[in-house]
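These notes are about the structure you will find just below.
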Number of protein chains: 2
Amino acid sequence: MNGAVSAGQETRTRILDTAERLMGERGFEVPLRAITAEAGVNLGAVNYHFHSKDALLDAIIARRFTPVNQRRLEMLDTLEACHPEGALPLEEVLEAFLRPVFESSPDMCHIRPLIGRIYSAPREFLSRVYGRHLTGVIQRFISALQRAAPDLPPAELFWRLHFTVGMMVHTMNWASILPVISNGACEVGDPGETTARLVAFAAAGFRTHVPATEKHFHA
Amino acid sequence: MNGAVSAGQETRTRILDTAERLMGERGFEVPLRAITAEAGVNLGAVNYHFHSKDALLDAIIARRFTPVNQRRLEMLDTLEACHPEGALPLEEVLEAFLRPVFESSPDMCHIRPLIGRIYSAPREFLSRVYGRHLTGVIQRFISALQRAAPDLPPAELFWRLHFTVGMMVHTMNWASILPVISNGACEVGDPGETTARLVAFAAAGFRTHVPATEKHFHA
DNA sequence: GTCTATAACGGGATAGAC
DNA sequence: GTCTATCCCGTTATAGAC
C-alpha cells in the first residue's frame with residue numbers, strides 16, 4: 001500500500017493516453033498495433049489491461065466523461081443550494097452544463113476530436129454510452145432548466161437542451177479546424193471565453209418564444 | 001439515347017442506396033461484402049463503378065450535399081433579390097440555410113445518421129469534404145448574415161453560424177434516438193416544424209449581445 | 001458491362017514463454 | 001504481471017472469365 005504508481009498502472013495509462021490521441025487523429029479504426037508501438041508497450045498489454053479494443057474505447061470515454069459529469073452536478077448542486085426555491089438563473093444552469101466540458105481536467109482537449117465521433121457512433125454503441133454517462137445528467141439538467149424557464153413546454157425545453165448539446169459537441173469536435181476555416185477569427189482557447197459565448201447564444205435561444213407550429217390536426 | 005435507365009446505372013444506384021443505409025446503421029467500417037450482398041449486386045461492381053470504398057463514400061456525400069446546397073443558394077438568391085439593399089431578414093437567411101437540409105430531396109432522411117459521422121471524420125477527410133461542399137456555401141451565408149446582423153463583429157458572426165451548424169448536425173444525427181431519450185416528446189418529423197424550431201432558437205442567439213469577454217492583456 | 005475467383009494483406013485475439 | 005509468436009479471420013482490390 002505505498003504511494004508509488006505500479007508499473008502496470010503506468011502501462012495502462014500510457015495505452016489510454018496514446019489510444020485517445022491516435023483515435024482522435026485517425027478514427028476508431030486505428031490499429032491496436034499503431035497504438036502500442038507509439039505507447040512503447042506490448043500488444044498483449046492491451047488485452048491484458050482492457051480485454052478488447054471495444055473495452056479500451058469504453059475506458060477512454062469513462063476516464064473523461066466521469067469527472068466532467070461530477071463537476072457538472074457539483075456546480076448544479078451549489079446553484080440549487082443558493083436558490084432553494086423559485087426560479088433558477090438560466091445562464092448559470094447552462095454554465096454548469098457547459099463549463100466543465102471545456103475546462104474540467106486539463107486534458108479535456110485530448111478527447112476533443114473524439115467527442116463528435118462518440119456522439120455520432122452507431123446506435124447500439126451510442127445507447128450504451130448514453131445510458132452509462134448521459135441519462136442521469138440530462139435528467140438533472142432538464143429539471144433544473146424547468147425551474148429556470150418555467151414557461152417553456154417540456155418538449156420545447158428538451159429540444160433546446162438538445163440544440164445546446166449540438167453546439168457544444170460541434171465546438172469540441174471542430175476545435176482544431178475552426179481557426180483554419182475562419183481565417184484565424186475563431187479559436188477555442190480560454191475555457192471561460194468559449195463557455196461565455198455558448199451560454200450567451202443558448203440562453204437567448206431558451207428565452208425566445210415558442211414558434212407558432214401550424215400543426216395540422218389529423219382528420 | 002433513349003430514356004431508359006441502363007442496367008449499369010441501376011446497379012450503381014442500388015449500391016449507393018444500400019451503402020448509405022448500411023453505413024448509417026453500422027458505420028463506415030461496414031464491409032463492402034455486406035453492402036453488395038444486401039444490394040444484390042456483385043462485389044466487383046463496386047470497384048467497377050466507384051474505383052474504391054473511399055470514393056464510394058465521396059459519391060454518397062456528393063449525391064446528398066449537392067442538391068441541398070443548390071437549394072440553399074437558390075433560396076438565398078431569391079431573398080437577396082427581394083432585398084437588393086439594406087438589412088436582410090435574419091430568420092429568412094437562417095431558413096435558407098436550414099430548411100433544405102430537412103426537406104430538399106425526399107431521401108435526405110437516409111443520410112441523417114451519417115451526417116454526424118461525416119462532420120466528425122478525421123481531419124484529412126473532413127478538409128476534403130469541407131473544401132468540396134462547404135466552403136462556398138458558408139462564405140455566401142456569412143456575407144448574407146453580415147447584412148442580416150450588421151452590428152455583430154465578424155468573428156462573433158462566424159462563431160454563431162458555427163453553433164447553428166452544430167445544432168443542425170446534431171439534430172440530423174440524433175433524429176432516430178431523440179424520440180427514445182425524450183420519451184416521445186421530441187421527434188424530427190415535419191421539415192417545416194423542425195426548421196422553425198431551429199430558426200427560432202438560432203435567430204435569438206444571433207440577436208443577443210456579445211458577451212463581455214474580460215480579455216486579459218498579455219503583459 | 002458484369003461477375004468469379006483469388007491474391008495479398010493486415011487485423012484482433014490468444015496460448016504459452018518468461 | 002508482462003511480452004512473444006502465432007493463429008485465423010475478414011478485408012480490399014484485381015486479373016481475367018463470361
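Chain letters run A, B, ... following the sequence lines, proteins first and then strands; every chain starts at 1.
- Annotation: side chain to side chain contact (heavy atoms under 4.5 Å, CB included) contacts of B:Thr36 (sequence neighbours excluded): B:Val41, B:Leu43, B:Val46.
- Between B:Trp159 and B:Phe163, the ring-plane angle classifies as tilted under the 30° and 60° cut-offs.
- Look at CZ on A:Phe50: it is 14 Å from P on D:dG1, rounded to the nearest Å.
- Residues satisfying the side chain to side chain contact (heavy atoms under 4.5 Å, CB included) test with A:Ser182, not counting sequence neighbours, are A:Ala185, A:Cys186, B:Phe158.
- Applying the 4.0 Å criterion to OP1 and OP2 of D:dT2, one finds that A:His49 has a side-chain N or O inside that range.
- When the P atom of D:dA13 is taken as reference, atom CG of B:Leu56 falls 10 Å away, rounded to whole Å.
- With sequence neighbours excluded, no residue forms a ring-ring contact (aromatic ring centres under 6.0 Å, His included) with B:Phe28.
- Nucleotide D:dT2 holds its P atom 9 Å from the CD atom of A:Gln9, rounded to whole Å.
- Between A:Tyr48 atom OH and C:dA15 atom P the separation is 16 Å, expressed in whole Å.
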Identify all pairs in which a protein N or O lies below 3.5 Å from an N or O of nucleotides 10-14 of chain C, and state each distance.
residue: C:dG12; atom: OP1; partner: A:Leu32; partner atom: N; Å: 3.3
residue: C:dG12; atom: OP1; partner: A:Lys53; partner atom: NZ; Å: 3.0
residue: C:dG12; atom: OP2; partner: A:Leu32; partner atom: N; Å: 3.0
residue: C:dG12; atom: N7; partner: A:Arg33; partner atom: NH1; Å: 2.7
residue: C:dG12; atom: O6; partner: A:Arg33; partner atom: NH2; Å: 3.0
residue: C:dA13; atom: OP2; partner: A:Lys53; partner atom: N; Å: 3.2

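- Contacts classified as side chain to side chain donor-acceptor pair (under 3.5 Å) and involving residues 110-122 of chain B (residues at least two apart or in different chains) are given here: A:Ser120-B:Ser120.
- With sequence neighbours excluded, no residue forms a ring-ring contact (aromatic ring centres under 6.0 Å, His included) with A:Phe50.
- Remark: C1' of D:dC3 and CD1 of A:Ile15 are 12 Å apart, rounded to the nearest angstrom.
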